[in-house]
Amino acid sequence: MKRILIAIDGPAGSGKSTTAKLVARRLGYVYVDTGAMYRAMTFKVLASGIDPADESAAVKLATETRISLVDGGELKVILDGVDVTEAIRSEEVTKNVSLVSSYTAVRELMVEKQREIDSGKGCVVDGRDIGTVVFPNADLKIYMVADIAERARRRQEELSGTGVDLPVQQVVQELKERDFKDSTRETSPLRKADDAIEIDTTNLTIDEQVEIILNYAREIAVGHEEMQRK
Ligand code: CDP
(Lines give C-alpha, C1' and ligand atoms only; values in the text may rest on other atoms or scores of the structure.)
Protein backbone atom coordinates (compact mmCIF):
# COMPACT_ATOMS: atom_id res chain seq x y z
CA MET A 1 0.00 0.00 0.00
CA LYS A 2 1.18 3.57 -0.65
CA ARG A 3 3.10 5.03 2.28
CA ILE A 4 1.69 8.28 3.58
CA LEU A 5 2.57 11.08 5.99
CA ILE A 6 0.39 11.34 9.07
CA ALA A 7 0.50 14.54 11.17
CA ILE A 8 -0.77 14.39 14.75
CA ASP A 9 -1.10 17.63 16.71
CA GLY A 10 -2.74 18.57 19.96
CA PRO A 11 -2.16 19.80 23.50
CA ALA A 12 -0.06 18.09 26.18
CA GLY A 13 -1.48 14.85 27.55
CA SER A 14 -3.99 14.36 24.74
CA GLY A 15 -2.41 11.00 23.93
CA LYS A 16 -0.48 12.05 20.83
CA SER A 17 2.89 10.46 21.43
CA THR A 18 1.69 7.08 22.68
CA THR A 19 -0.81 6.87 19.84
CA ALA A 20 1.59 8.15 17.17
CA LYS A 21 4.23 5.63 18.20
CA LEU A 22 1.80 2.71 18.03
CA VAL A 23 0.31 3.80 14.71
CA ALA A 24 3.84 3.99 13.29
CA ARG A 25 4.68 0.50 14.60
CA ARG A 26 1.50 -1.02 13.18
CA LEU A 27 2.12 0.47 9.74
CA GLY A 28 5.88 -0.13 9.75
CA TYR A 29 6.40 3.64 9.52
CA VAL A 30 8.98 5.93 11.11
CA TYR A 31 7.85 7.82 14.22
CA VAL A 32 9.01 11.43 14.60
CA ASP A 33 8.50 13.08 17.99
CA THR A 34 9.10 16.77 17.27
CA GLY A 35 8.43 17.69 20.92
CA ALA A 36 11.54 15.68 21.79
CA MET A 37 13.59 18.02 19.59
CA TYR A 38 12.33 21.12 21.42
CA ARG A 39 12.91 19.32 24.70
CA ALA A 40 16.50 18.45 23.71
CA MET A 41 17.14 22.08 22.80
CA THR A 42 15.70 23.21 26.13
CA PHE A 43 17.81 20.65 27.98
CA LYS A 44 20.93 22.09 26.34
CA VAL A 45 19.95 25.68 27.21
CA LEU A 46 19.56 24.71 30.87
CA ALA A 47 22.67 22.53 30.97
CA SER A 48 24.71 25.37 29.44
CA GLY A 49 23.68 27.70 32.27
CA ILE A 50 21.83 30.02 29.87
CA ASP A 51 18.75 31.81 31.15
CA PRO A 52 15.87 30.34 29.05
CA ALA A 53 14.40 33.87 28.93
CA ASP A 54 17.52 35.09 27.08
CA GLU A 55 16.27 34.66 23.51
CA SER A 56 19.43 35.68 21.67
CA ALA A 57 21.63 33.35 23.75
CA ALA A 58 19.19 30.47 23.24
CA VAL A 59 19.04 31.11 19.49
CA LYS A 60 22.84 31.31 19.20
CA LEU A 61 23.11 28.00 21.04
CA ALA A 62 20.51 26.46 18.71
CA THR A 63 22.65 27.31 15.69
CA GLU A 64 25.50 25.31 17.25
CA THR A 65 23.41 22.27 18.09
CA ARG A 66 22.85 18.93 16.39
CA ILE A 67 19.74 17.00 17.32
CA SER A 68 18.75 13.71 15.76
CA LEU A 69 16.01 11.20 16.38
CA VAL A 70 16.96 7.57 15.90
CA ASP A 71 13.98 5.25 15.58
CA GLY A 72 15.26 1.75 16.09
CA GLY A 73 12.29 0.18 17.90
CA GLU A 74 12.52 2.69 20.76
CA LEU A 75 13.01 6.30 19.75
CA LYS A 76 16.36 7.71 20.91
CA VAL A 77 17.08 11.41 21.09
CA ILE A 78 20.69 12.31 20.35
CA LEU A 79 21.97 15.76 21.27
CA ASP A 80 25.45 16.61 19.94
CA GLY A 81 26.24 12.90 19.86
CA VAL A 82 24.95 12.15 23.38
CA ASP A 83 21.84 10.11 24.19
CA VAL A 84 19.47 12.42 26.15
CA THR A 85 16.30 10.35 25.72
CA GLU A 86 15.58 10.23 29.45
CA ALA A 87 17.10 13.52 30.53
CA ILE A 88 14.72 15.56 28.34
CA ARG A 89 11.68 14.33 30.31
CA SER A 90 12.70 16.12 33.54
CA GLU A 91 10.35 18.57 35.26
CA GLU A 92 12.88 21.35 34.70
CA VAL A 93 12.81 20.78 30.93
CA THR A 94 9.00 20.48 30.90
CA LYS A 95 8.66 23.82 32.73
CA ASN A 96 10.89 25.68 30.27
CA VAL A 97 10.24 24.00 26.93
CA SER A 98 7.31 26.20 25.88
CA LEU A 99 9.39 29.33 26.37
CA VAL A 100 12.37 28.07 24.38
CA SER A 101 10.12 26.75 21.62
CA SER A 102 8.36 30.11 21.30
CA TYR A 103 11.52 31.65 19.78
CA THR A 104 11.00 32.06 16.03
CA ALA A 105 14.64 31.39 15.10
CA VAL A 106 14.71 28.24 17.25
CA ARG A 107 11.56 27.02 15.50
CA GLU A 108 12.99 27.74 12.05
CA LEU A 109 16.03 25.58 12.80
CA MET A 110 13.90 22.72 14.14
CA VAL A 111 11.37 22.89 11.29
CA GLU A 112 14.16 22.84 8.71
CA LYS A 113 15.43 19.64 10.30
CA GLN A 114 11.93 18.12 10.51
CA ARG A 115 11.34 18.73 6.82
CA GLU A 116 14.37 16.59 5.96
CA ILE A 117 12.29 13.53 6.83
CA ASP A 118 11.84 11.22 3.87
CA SER A 119 8.05 11.12 3.83
CA GLY A 120 8.06 8.50 1.06
CA LYS A 121 9.04 5.91 3.67
CA GLY A 122 5.81 6.48 5.54
CA CYS A 123 5.90 8.44 8.77
CA VAL A 124 3.89 9.59 11.72
CA VAL A 125 4.95 13.00 12.98
CA ASP A 126 3.61 14.41 16.24
CA GLY A 127 3.81 17.93 17.61
CA ARG A 128 1.93 21.23 17.77
CA ASP A 129 2.36 22.70 14.28
CA ILE A 130 2.84 19.67 12.05
CA GLY A 131 -0.43 19.88 10.10
CA THR A 132 -0.41 23.69 10.02
CA VAL A 133 3.21 24.63 9.33
CA VAL A 134 5.71 21.79 9.04
CA PHE A 135 3.76 19.54 6.66
CA PRO A 136 0.67 21.48 5.49
CA ASN A 137 0.28 18.90 2.70
CA ALA A 138 0.25 15.89 5.03
CA ASP A 139 -1.96 13.06 3.69
CA LEU A 140 -3.76 12.71 7.01
CA LYS A 141 -4.02 15.30 9.77
CA ILE A 142 -5.26 14.41 13.22
CA TYR A 143 -5.95 16.89 16.01
CA MET A 144 -6.19 15.17 19.39
CA VAL A 145 -7.93 16.71 22.36
CA ALA A 146 -9.05 15.54 25.81
CA ASP A 147 -10.54 17.08 28.96
CA ILE A 148 -8.00 18.80 31.16
CA ALA A 149 -8.84 16.51 34.14
CA GLU A 150 -8.17 13.41 32.07
CA ARG A 151 -5.00 14.88 30.58
CA ALA A 152 -3.74 15.71 34.07
CA ARG A 153 -4.56 12.21 35.27
CA ARG A 154 -2.55 10.71 32.41
CA ARG A 155 0.40 13.03 32.96
CA GLN A 156 0.37 12.32 36.70
CA GLU A 157 0.40 8.59 36.03
CA GLU A 158 3.23 8.95 33.52
CA LEU A 159 5.29 10.99 36.01
CA SER A 160 4.58 8.57 38.79
CA GLY A 161 6.01 5.80 36.59
CA THR A 162 9.30 7.71 36.59
CA GLY A 163 9.24 8.11 40.38
CA VAL A 164 7.91 11.70 40.40
CA ASP A 165 4.75 12.18 42.45
CA LEU A 166 3.00 15.51 42.03
CA PRO A 167 -0.39 16.66 43.34
CA VAL A 168 -3.00 16.66 40.58
CA GLN A 169 -3.66 20.39 41.04
CA GLN A 170 -0.03 21.15 40.22
CA VAL A 171 -0.17 18.97 37.11
CA VAL A 172 -3.38 20.75 35.97
CA GLN A 173 -1.70 24.12 36.51
CA GLU A 174 1.41 23.15 34.55
CA LEU A 175 -0.63 21.75 31.65
CA LYS A 176 -2.75 24.89 31.51
CA GLU A 177 0.32 27.13 31.48
CA ARG A 178 1.95 25.13 28.72
CA ASP A 179 -1.25 25.03 26.63
CA PHE A 180 -1.62 28.78 27.05
CA LYS A 181 1.98 29.50 25.99
CA ASP A 182 1.82 27.03 23.08
CA SER A 183 -1.45 28.35 21.70
CA THR A 184 -0.79 32.08 22.11
CA ARG A 185 2.77 32.33 20.82
CA GLU A 186 3.32 34.39 17.69
CA THR A 187 5.10 31.81 15.55
CA SER A 188 3.15 28.71 14.57
CA PRO A 189 0.89 28.47 17.62
CA LEU A 190 -0.89 25.27 18.53
CA ARG A 191 -4.15 25.18 16.58
CA LYS A 192 -6.21 22.71 14.63
CA ALA A 193 -5.54 22.79 10.88
CA ASP A 194 -8.78 23.47 8.95
CA ASP A 195 -8.56 20.07 7.29
CA ALA A 196 -7.58 18.09 10.41
CA ILE A 197 -9.82 15.42 11.90
CA GLU A 198 -10.46 16.10 15.57
CA ILE A 199 -10.44 13.12 17.92
CA ASP A 200 -11.50 13.58 21.53
CA THR A 201 -9.63 10.91 23.46
CA THR A 202 -11.16 11.61 26.90
CA ASN A 203 -13.15 8.38 26.89
CA LEU A 204 -11.10 6.34 24.46
CA THR A 205 -8.55 3.65 25.20
CA ILE A 206 -5.17 3.78 23.50
CA ASP A 207 -6.19 0.83 21.33
CA GLU A 208 -9.34 2.62 20.21
CA GLN A 209 -7.41 5.78 19.32
CA VAL A 210 -4.90 3.75 17.36
CA GLU A 211 -7.63 1.87 15.46
CA ILE A 212 -9.46 5.07 14.53
CA ILE A 213 -6.31 6.55 13.02
CA LEU A 214 -5.34 3.30 11.29
CA ASN A 215 -8.75 3.19 9.64
CA TYR A 216 -8.36 6.71 8.27
CA ALA A 217 -4.79 5.93 7.18
CA ARG A 218 -5.81 2.77 5.31
CA GLU A 219 -8.68 4.58 3.60
CA ILE A 220 -6.35 7.31 2.39
CA ALA A 221 -3.58 4.93 1.33
CA VAL A 222 -6.06 2.83 -0.66
CA GLY A 223 -7.48 6.00 -2.25
CA HIS A 224 -3.98 7.02 -3.37
CA GLU A 225 -3.38 3.56 -4.84
CA GLU A 226 -6.60 3.69 -6.84
CA MET A 227 -5.78 7.17 -8.14
CA GLN A 228 -2.39 5.94 -9.30
CA ARG A 229 -3.91 2.98 -11.11
CA LYS A 230 -6.34 5.19 -13.06
O1 CDP B 1 4.59 16.78 27.19
P2 CDP B 1 4.14 16.44 25.82
O3 CDP B 1 4.60 15.07 25.36
O4 CDP B 1 2.71 16.63 25.55
O5 CDP B 1 4.85 17.51 24.93
P6 CDP B 1 5.93 17.33 23.84
O7 CDP B 1 5.32 16.80 22.60
O8 CDP B 1 7.12 16.63 24.40
O9 CDP B 1 6.33 18.85 23.53
C10 CDP B 1 6.94 19.65 24.51
C11 CDP B 1 6.79 21.12 24.13
O12 CDP B 1 7.52 21.38 22.94
C13 CDP B 1 5.39 21.61 23.86
O14 CDP B 1 4.69 21.99 25.03
C15 CDP B 1 5.64 22.81 22.95
O16 CDP B 1 5.99 23.95 23.70
C17 CDP B 1 6.88 22.40 22.19
N18 CDP B 1 6.58 21.89 20.83
C19 CDP B 1 6.39 22.79 19.82
O20 CDP B 1 6.42 24.00 20.06
N21 CDP B 1 6.19 22.37 18.54
C22 CDP B 1 6.16 21.06 18.24
N23 CDP B 1 6.01 20.69 16.98
C24 CDP B 1 6.32 20.11 19.26
C25 CDP B 1 6.51 20.55 20.57
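Here the structure is a predicted model, which is why all the values come from computation and not from measurement. Below, all heavy atoms of this structure are taken into account, side chains as well, without hydrogens, waters or symmetry copies.
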Short side-chain to backbone donor-acceptor contact, [X] and [Y], under 3.5 Å:
| X | Y | value |
| --- | --- | --- |
| Thr19 | Val210 | no |
| Lys16 | Ile8 | no |
| Arg39 | Ile88 | yes |
| Asp80 | Arg66 | yes |
| Asp147 | Ala149 | no |
| Gln156 | Pro167 | no |
| Thr201 | Ser14 | yes |
| Lys141 | Gly131 | yes |
| Asp9 | Asp129 | yes |
| Ser102 | Leu99 | yes |

Over all heavy atoms of both residues, which pair between [X] and [Y] is shortest? Give the atoms and the distance, please.
| X | Y | value |
| --- | --- | --- |
| Val168 | Ala152 | CG2-CB, 4.2 Å |
| Leu27 | Ala217 | CD1-CB, 4.2 Å |
| Arg115 | Phe135 | CA-CZ, 4.0 Å |
| Ala40 | Val77 | CB-CG1, 4.0 Å |
| Asn96 | Pro52 | OD1-CG, 3.5 Å |

Min side-chain heavy-atom separation [X]-[Y] under 4.5 Å:
| X | Y | value |
| --- | --- | --- |
| Val125 | Val134 | no |
| Val97 | Val100 | no |
| Val30 | Ile117 | no |
| Asp179 | Arg151 | yes |
| Arg89 | Thr162 | no |
| Gln209 | Ile142 | no |
| Ile4 | Ile6 | yes |
| Lys176 | Ile148 | yes |

Evaluation steps, side chain to side chain contact (heavy atoms under 4.5 Å, CB included), between Ile199 and Ile213: CA-CA 9 Å; Ile199 303 178; Ile213 298 175; 3.9 Å; yes
Inter-residue atom distance Thr42.OG1 - Met37.CE, 0.5 Å rounding: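 Going from the OG1 atom of Thr42 to the CE atom of Met37 covers 12.0 Å.
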Atom pair OH (Tyr143) and CZ (Arg128), whose distance is rounded to the nearest 0.5 Å: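 Those atoms lie 9.0 Å apart.
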Identify each donor-acceptor pair in which a side-chain atom of residues 68-76 lies under 3.5 Å from a protein atom, sequence neighbours left out, and give them as a table.
residue : atom : partner : partner atom : Å
Asp71   : OD1  : Arg25   : NH2          : 2.9
Asp71   : OD2  : Tyr31   : N            : 2.9

Can a side-chain donor-acceptor contact be found between [Y] and [X] if the only test is distance below 3.5 angstrom?
| X | Y | value |
| --- | --- | --- |
| Thr94 | Arg155 | no |
| Ser119 | Arg3 | no |
| Ser188 | Arg107 | yes |
| Thr205 | Asp207 | no |

Residues Glu174 and Arg178 bridged, charged N to O under 4.0 Å: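 No, this pair does not count.
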Carboxylate-amine/guanidinium proximity below 4.0 Å for Glu157 and Arg153: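 Salt bridge between Glu157 and Arg153, a charged N being under 4.0 Å from a carboxylate O: yes.
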Stepwise side chain to side chain contact (heavy atoms under 4.5 Å, CB included) test for Glu177 and Ser98: CA-CA 9 Å; Glu177 277 169 26; Ser98 289; over 6 Å; no
Audit row: Glu91, Leu166, side chain to side chain contact (heavy atoms under 4.5 Å, CB included) steps and yes/no: CA-CA 10 Å; Glu91 263 291 283; Leu166 293 181; 3.8 Å; yes
Common cluster, Val222/Leu140, ILVMFWY with side-chain heavy-atom separation under 4.5 Å: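 No; tracing contacts between hydrophobic side chains, which count when under 4.5 Å, never links both residues.
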Same apolar cluster (I L V M F W Y, side chains within < 4.5 Å links), Leu214/Ile220: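 Leu214 and Ile220: one cluster.
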Chi angles and distances behind the side chain to side chain contact (heavy atoms under 4.5 Å, CB included) call for Met110, Ile67: CA-CA 9 Å; Met110 299 293 145; Ile67 297 169; 3.8 Å; yes
Stepwise side chain to side chain donor-acceptor pair (under 3.5 Å) check, Gln114 with Thr34: CA-CA 7 Å; Gln114 290 155 17; Thr34 62; 4.6 Å; no
